[in-house]
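Since the structure comes first, as structure tokens, the remarks are kept for the end.
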Amino acid sequence: QVQLVESGGGLVQPGGSLRLSCAASGSIFSILPMGWYRQAPGKQRELVATITSGGSTNYVDSVKGRFTISRDNAKNTVYLQMNSLKPEDTAVYYCRREYSRDWGQGTQVTVSS
């Protein structure tokens, strides 16, 4: 099991930017596929973006062109850069090791004027 801790959430105006971080434990982080998910009030949790050990990425259509997932293996950290934020991006964002039951505690992102 890998421990995951998210940070970087907060309140931002529409059109603004935010960068989320997910710090992972363990010495094998570099080989792990990672993902970011989000859950808005009253809605199902959805996959936002994934990144493989080789750096290949995938995104849900609603964030393509606005969000970027990346990783820094030297820091055991996965990032989610969020630009051009919209009110509908408001949710709790979670980091996850793909194909596992390892989840972070979540960080709140609120987009509002």
Side-chain angles (χ1 to χ4, degrees):
Q1 188 174 45
V2 58
Q3 304 299 134
L4 303 170
V5 181
E6 303 98 331
S7 63
L11 175 64
V12 64
Q13 294 185 193
S17 297
L18 211 57
R19 188 176 76 157
L20 306 183
S21 298
C22 172
S25 66
S27 60
I28 61 170
F29 172 78
S30 64
I31 71 171
L32 305 178
M34 303 295 295
W36 282 99
Y37 293 71
R38 67 186 180 186
Q39 187 166 24
K43 296 186 177 180
Q44 294 287 319
R45 187 171 299 184
E46 69 170 342
L47 176 65
V48 176
T50 60
I51 185 166
T52 68
S53 59
S56 296
T57 60
N58 282 286
Y59 302 89
V60 67
D61 286 344
S62 61
V63 309
K64 287 181 179 177
R66 300 189 298 120
F67 290 12
T68 302
I69 186 172
S70 63
R71 65 194 300 157
D72 185 339
N73 291 334
K75 295 183 177 180
N76 271 205
T77 301
V78 178
Y79 303 97
L80 185 67
Q81 178 66 47
M82 303 183 293
N83 299 326
S84 302
L85 283 162
K86 305 174 180 180
E88 49 262 50
D89 294 319
T90 295
V92 176
Y93 284 70
Y94 299 89
C95 181
R96 181 202 179 202
R97 175 188 174 183
E98 292 296 272
Y99 315 112
S100 81
R101 289 186 287 194
D102 297 338
W103 293 85
Q105 83 287 356
T107 185
Q108 175 71 228
V109 171
T110 302
V111 184
S112 177
S113 59

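Rounded to the nearest 0.5 Å, atoms OG1 (Thr68) and OH (Tyr79) are 14.0 Å apart. Note that CG of Leu80 is 8.5 Å distant from OG of Ser70, once rounded to the nearest 0.5 Å. Once rounded to the nearest 0.5 Å, the distance linking CZ of Arg38 with CZ of Arg45 reads 13.0 Å. Taking CZ of Arg97 as the reference point, atom CD of Gln3 lies at 12.0 Å (rounded to 0.5 Å). Rounding to the nearest 0.5 angstrom, the gap separating the CH2 atom in Trp103 from the OH atom in Tyr94 is 8.5 Å. With rounding to the nearest 0.5 Å, the separation of CZ in Arg96 from CG in Leu4 is 10.5 Å.
Under a cutoff of 6.0 Å and an axis angle of 45°, Arg71 and Phe29 form a cation-pi pair.
There is no path of hydrophobic side-chain contacts, each under 4.5 Å, that joins Leu18 to Tyr37. Linking Ile, Leu, Val, Met, Phe, Trp and Tyr residues whenever their side-chain heavy atoms come within less than 4.5 Å places Ile31 and Ile51 in a single cluster. One hydrophobic cluster holds both Trp36 and Val2 under the rule that ILVMFWY side chains link at heavy-atom gaps under 4.5 Å.
Judged as a side chain to side chain donor-acceptor pair (under 3.5 Å), the pairs with a partner in residues 7-20 (not counting sequence neighbours) are, in order, Ser17-Asn83.
Using a 4.5 Å heavy-atom cutoff, the side chains of Leu20 and Val109 are in contact. Side-chain contact check for Thr57 versus Thr50: every heavy-atom pair is 4.5 Å or farther apart.
Taking every heavy atom of both residues into account, Lys64 and Tyr59 meet most closely at CE-O, 3.2 Å. Summarising the geometry of Leu85 relative to Met82, their closest heavy-atom pair is CD2-CB, 3.8 Å, with the distance given to 0.1 Å. Among all heavy-atom pairs drawn from Met34 and Cys95, the shortest one is CE-SG, 3.7 Å. The two atoms that bring Pro14 and Ser113 nearest to each other are CD-N, 3.7 Å, heavy atoms only. Closest non-hydrogen pair, Ala40 versus Ala91, comes out as N-CB, 3.8 Å. The two residues Ser21 and Thr77 come nearest to each other via the heavy atoms CB-CG2, 4.2 Å.
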Using the side chain to side chain contact (heavy atoms under 4.5 Å, CB included) rule, take Gln1 and Arg101 through it: C-alpha gap first, then chi angles, then the decisive distance, then the call. CA-CA 8 Å; Gln1 188 174 45; Arg101 289 186 287 194; over 6 Å; no
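Considering only residues two or more places apart in sequence or on other chains, Phe67 meets the ring pair (Phe, Tyr, Trp, His ring centres under 6.0 Å) condition with none of them.
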